[in-house]
Amino acid sequence: MSSIYIEKHDLQDTKAIEAKIESLVQLPFHSLADVESWLLEVSTFYDELREALDGHYIDFQAHNQDAEAKRAFEHDQEKNEPLMKTYTAKLDDKLMSSPFKDDLDKEKYGRLLRSKENAMELFREENIGLEVEEDRLATRYFELTGGLSADWNGEEKTIPELFPYLENPDRTVRKSAFDKIFQSLTTVEDELQEIMSELMELREKKAANSGLANYRDYMFKKYERFDYTPEDCKQLAASIREHVLPVAEKIEKQKQEELGVDVLRPYDRSAVPKGRTPLKPFSKRDELVNRTSKALKQIDPRFSELIDVMDDKGMLDLETRKNKSPGGFCTPLPVSQLSFIFMNASHTHADMMTLFHEMGHCIHNDLKLQQPLAYDRETPMESSELASMTMELFSIDQWDHFYSKEEQRQAKLDLLRDIVTFLPGGIRVDQFQHWMYENPKHTKEERMEKFGALSKELSSGVVDWSGYEDARRKEWLFILHIFEVPFYYVEYVIAQLGAVQMYKQYKEDPEGTLDRYKKALALGNTKSLADVYEAAGIRFDFSGEMIQELMDFLQKEIAEVENMQV
């Protein structure tokens, strides 16, 4: 359907793909050199398959009602992905049972070998069928949420097109937009709840099959979270309650004062005061790309070159439209040696930030190209999100390409405040998922009640949800990660803490910090998270002490921007 990716193999010809992988399984090892050569050959073939599979995923997300795109994507889910999982296990077994395995250089291959051992402990043949069904349910989630729309003054608008109205200075306008967004959700709410219940059942079966106590433990093992534990996540939540919520409360009270309202309501959270227009960094898609390119060039010419090449190759799908899935992502295309960015722009400041964020992932992917093995390019999400969230902060001084000085001041203030208010929301999503899988027999109603309770617990209490209690309980239904990539959310919180550390250094030493940033990202998955963070000049640390230190820094920064003369 699309020409943005290179499809070296006919993914409809499953037998040919199986024959190729089987030949890799049967290839004999006569020496250590044979093993290393084989690892490269396997990596290259899997890169080729991954690009085509991810290309089909992109096609489906971009046009989730297109019959051809859906057919190709579902064929991959039902045939190719299960085939790859089965044979990955066979390839892992071949490597780990090789007499030459112990002769491999531990510095170069140690992490890969530990990963393979971990994967073999986790793998169960019976889980492959469960994962096919899991993927089918996630696909249905995107079909339902991507098709949502609402009438706005006689015009049909997608949900992303309604989000800018939440910034409107007119309170009646943003209330109307908020109401319509959640009214649209109610049309698919029952089916989304049923999807979640089915996913819970499937995921618990997978954990039981692998001999693990619950699905949370299964996912920690699958994600190879060797550097922290579920208990660490709970401690992180406690530290955020203690050290971040008081700062968030100040920010939200200030927001209430700026808006001149007696109480801050859910539809006021993104609003701008009367007399000020919402930030609009661009009017057309090409303006967003060109201005981002100019800003990136001032940071590093290679960063600008990268977005220009991606744009030229058609790898930036940025604008919202009906039957395009919600959200945004960056997908590396290892054969093309470029990345693809998917997002739903609606001409807001958030869109500009999303593009800088996703470009952070692209820059990371570009720096990892020096790693020959696919495994060494498959970075943990905690370092992947460090790359993207840091790029948001590195871009601050280049926002003059989008804004006047007064607008720059406001945009910078919004970002710094949003970092503080994001942390409780981010850890709320993580803790909700911990609760779900620690209590897998919960009912749909208990699930809703728990999310509402966590929202209160991890909230400053400034926003008044009276009359909107139901919407508060349902907010999680819009969070695609919970459905498609479970337990992917704490990484945003951890990486945000790392990114603020990077920004603190960047202000003092831009050149040195940028150099460390690039060196750390180029390590890919060859080092531990602690080592990657250390190479970046920061600490892989989310202790209460660290969080308090960063809150002090952010409050100081916010005060400086508030007092800035423009």
Side-chain angles (χ1 to χ4, degrees), residues 160-171 173-174 177 250-252 254-261 264 267-299 303-304 307 318-320 328 343-360 388-422 496 499-500 503 506-507 510 554-566:
E161 286 176 320
L162 288 177
F163 284 134
Y165 294 104
L166 296 175
E167 299 180 12
N168 198 288
D170 188 331
R171 206 178 196 192
V173 170
R174 55 184 187 260
K250 291 179 188 176
I251 288 170
E252 288 173 344
Q254 190 170 1
K255 178 81 170 180
Q256 178 183 335
E257 186 178 327
E258 288 173 354
L259 292 176
V261 294
L264 198 65
Y267 44 80
D268 294 328
R269 291 174 294 175
S270 302
V272 302
K274 289 182 179 178
R276 204 187 95 202
T277 56
L279 292 169
K280 189 174 182 180
F282 65 99
S283 297
K284 296 179 180 179
R285 179 252 185 220
D286 288 351
E287 286 179 352
L288 173 61
V289 176
N290 294 336
R291 291 173 184 180
T292 302
S293 176
K294 290 176 182 176
L296 290 171
K297 189 173 185 177
Q298 286 184 261
I299 302 172
F303 300 170
S304 175
I307 193 173
L318 308 182
E319 297 177 295
T320 187
M343 57 183 273
N344 283 271
S346 48
H347 306 150
T348 65
H349 176 70
D351 299 327
M352 182 194 86
M353 294 307 300
T354 297
L355 188 52
F356 278 117
H357 178 101
E358 301 302 343
M359 279 306 302
S388 55
M389 290 179 144
T390 298
M391 187 48 56
E392 293 178 29
L393 286 161
F394 280 1
S395 72
I396 279 181
D397 291 336
Q398 281 69 49
W399 290 356
D400 57 322
H401 293 288
F402 299 88
Y403 296 128
S404 67
K405 286 187 177 180
E406 173 57 35
E407 288 171 331
Q408 275 182 269
R409 174 186 173 278
Q410 189 57 53
K412 184 173 182 179
L413 198 54
D414 288 348
L415 174 59
L416 296 172
R417 289 171 171 174
D418 286 349
I419 288 172
V420 175
T421 56
F422 160 74
Q496 186 70 83
V500 175
Y503 177 60
Y506 191 69
K507 288 197 67 183
L554 285 171
Q555 288 184 89
K556 180 173 176 289
E557 284 293 293
I558 289 169
E560 284 183 8
V561 177
E562 287 173 340
N563 295 323
M564 188 184 296
Q565 297 296 318
V566 293

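Side-chain atoms are counted along with the backbone in the values below, which use heavy atoms only and exclude waters and symmetry mates.
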Legend entry - Closest contact, heavy atoms only, L264 versus D268: CD1-CB, 3.6 Å
Legend entry - Donor + acceptor pair across side chains of T348, D351 (<3.5 Å): yes
Inset, instruction - Assess the side chains of H349 and Q410: does a donor N or O sit below 3.5 Å from an acceptor N or O? - result: no
Legend entry - Neighbour count above 12 (heavy atom, 6.0 Å) for K507 NZ: yes
Flag side-chain contact, heavy atom, 4.5 Å: [X] against [Y]:
X	Y	result
L393	L415	yes
M352	R291	no
F356	Q398	no
M389	I419	no
Y267	R171	yes
L296	M391	yes

Legend entry - Side-chain (K255) to main-chain (A271) donor-acceptor, under 3.5 angstrom: yes
Inset, instruction - Verify, without hydrogens or angle tests, whether T354 (side chain) and A350 (backbone) share a donor-acceptor contact under 3.5 angstrom. - result: yes
Legend entry - Salt bridge present between E560 and K412 (N-O < 4.0 angstrom): no
Inset, instruction - Please name the residue in the list K250, R417, R409 that meets the salt bridge (charged side-chain N to carboxylate O under 4.0 Å, His left out) test with E562. - result: R417
